[in-house]
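Side chains are part of it too, since the values below use all heavy atoms of this structure and drop only hydrogens, waters and symmetry mates. Residue numbering restarts at 1 for every chain, and letters A, B, ... go by the order of the sequence lines.
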2 protein chains.
Amino acid sequence: MESEKRRGERLRRSGLKCTPRRKDVLRILEQNSQPVTAERIFMALKEEGTGISLSTVYRILEALAEKGLVLKISSAESDGALFVLNRRVHRHYMVCLGCHKMLPVDECPLGDLEKKLERETGFAVTGHRLEIYGYCRECQKARSKTNSH
Amino acid sequence: MESEKRRGERLRRSGLKCTPRRKDVLRILEQNSQPVTAERIFMALKEEGTGISLSTVYRILEALAEKGLVLKISSAESDGALFVLNRRVHRHYMVCLGCHKMLPVDECPLGDLEKKLERETGFAVTGHRLEIYGYCRECQKARSKTNSH
DNA sequence: GTAGATGCAAAGTCTTTGCATGTGT
DNA sequence: ACACATGCAAAGACTTTGCATCTAC
């Protein structure tokens, strides 16, 4: 399996030792297009019979985030941080406040604004975080039934 | 002092009982244009001699957030949630990764995108969260000195 | 008077850390 | 061989909860 090799190279290129646990965590992250918690990675590995300790998951995620391989985000809605593979494709999500589903958004309206801010304020922009909140179609229906008081 | 009265009305209009503690928390929030932690509110009140328990601060913030009087946000950079008064003016910040200063941004590029998404996906947008990360002028200088290895 | 607010202490989550052991290079 | 990764258990940080008492309405 060649994606396994890629993961190894990816780690080494970032200056990280290539260990089974690290490749495991990378693999789980690759399997999830949506941000996941450390706990979820831990459980996913446990379910597939691969043992790992939760603290190791945290330490690996920290190392990966430090090298920019994963992005750490945190939502006011859910306790606990979320981690997502830093695919080069820049992407934002619509987060449903009902079911917590995350729907990807293709566009990002930030480019022009960032350039303008750098020009006008001297602030050096390195990134941004955008989340759109609301209710998905299904939860809108569910709410219109429940809220009929 | 009339702003004290306003705080009372604000609470009652939102269907919350008007208590000294609640007005205290509102007052601290009004004094801070930047998002603050629960702990910081607790300390601010302690310093001015107004006693309050930390759990009460949390409960009040939860109630205020539920009614939409304050916004709860959480940053991947700092542990702990941040709370900020929901001034009607919609506002985003540039967050400095060096000193954690938050500089307000006047514009918000989300309006058109939100309308488009609602039209195309049926998702009902209720709000969004945008933060821009980078380094302020001062921290850029500091870093260019330190990183000269 | 009563529902709800508050304080205090205890419990709960999520995350980090210390230390002994194991492993990639 | 040696620096670094890992597991385990314990500690830590932040937040919530249970319960008795107090207070706004």
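Atom-to-atom, CG of B/Leu45 to P of C/dT6 comes out at 12 Å; the value is rounded to the nearest Å. Rounded to an integer number of Å, the gap from B/Lys67 NZ to C/dG4 P is 11 Å. Straight-line distance from the CD1 atom of A/Ile60 to the P atom of C/dT23: 14 Å, rounded to whole Å. Between B/Asp24 atom CG and C/dG7 atom C1' the separation is 15 Å, expressed in whole Å. Counting to the nearest Å, the P atom of D/dT6 and the NZ atom of A/Lys46 are 17 Å from each other. D/dC14 atom C1' lies 13 Å from atom CZ of B/Phe42, rounded to whole Å. C/dG22 atom C1' lies 15 Å from atom CD1 of A/Ile52, rounded to whole Å. Between the NZ atom of A/Lys23 and the C1' atom of D/dA5 there is a distance of 14 Å, rounded to whole Å.
When the shell of 6.0 Å around CZ of A/Arg21 is examined, it contains more than 12 heavy atoms from other residues, nucleotides or ligands. Counting non-hydrogen atoms of other residues, nucleotides and ligands closer than 6.0 Å to CD of B/Glu66 gives a total of 12 or fewer.
Taken from CG in A/Leu61 to CZ in A/Arg22, the straight-line distance is 11.0 Å, to the nearest 0.5 Å. Atom-to-atom distance recorded for A/Ser55:OG and A/Glu62:CD is 11.5 Å, nearest 0.5 angstrom.
Side-chain contact between B/Pro109 and A/Leu110 is present, with at least one heavy-atom pair separated by less than 4.5 Å.
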Would you mind building the protein contact string for nucleotides 11-16 of chain C? One character per nucleotide, 5' to 3', B for base within reach (heavy atoms under 4.0 Å), S for sugar-phosphate only, - for untouched. ---SBB

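For A/Glu131 and A/Arg129, the salt-bridge test passes: some basic side-chain N is under 4.0 Å from an acidic carboxylate O. Salt bridge present: B/Glu48 and B/Arg27 bring a charged side-chain N and a carboxylate O closer than 4.0 Å.
Put simply, the residue from B/Ile52, B/Leu85, B/Leu45, B/Thr50 that forms a side-chain contact (heavy atoms from CB on, under 4.5 Å) with B/Ile28 is B/Leu45.
The shortest distance between the side-chain N/O atoms of B/Ser53 and the OP1/OP2 oxygens of C/dT6 is not below 4.0 Å.
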Atom pairs, protein N/O to nucleotides 21-25 of chain D N/O, distance under 3.5 Å:
| residue | atom | partner | partner atom | Å |
| --- | --- | --- | --- | --- |
| D/dA24 | O3' | B/Cys18 | O | 3.3 |
| D/dC25 | OP1 | B/Arg12 | NH1 | 3.1 |
| D/dC25 | OP1 | B/Cys18 | N | 3.3 |

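Between A/His128 and A/His90, the ring planes lie perpendicular to each other; the angle is over 60°, past the 30° to 60° tilted range.
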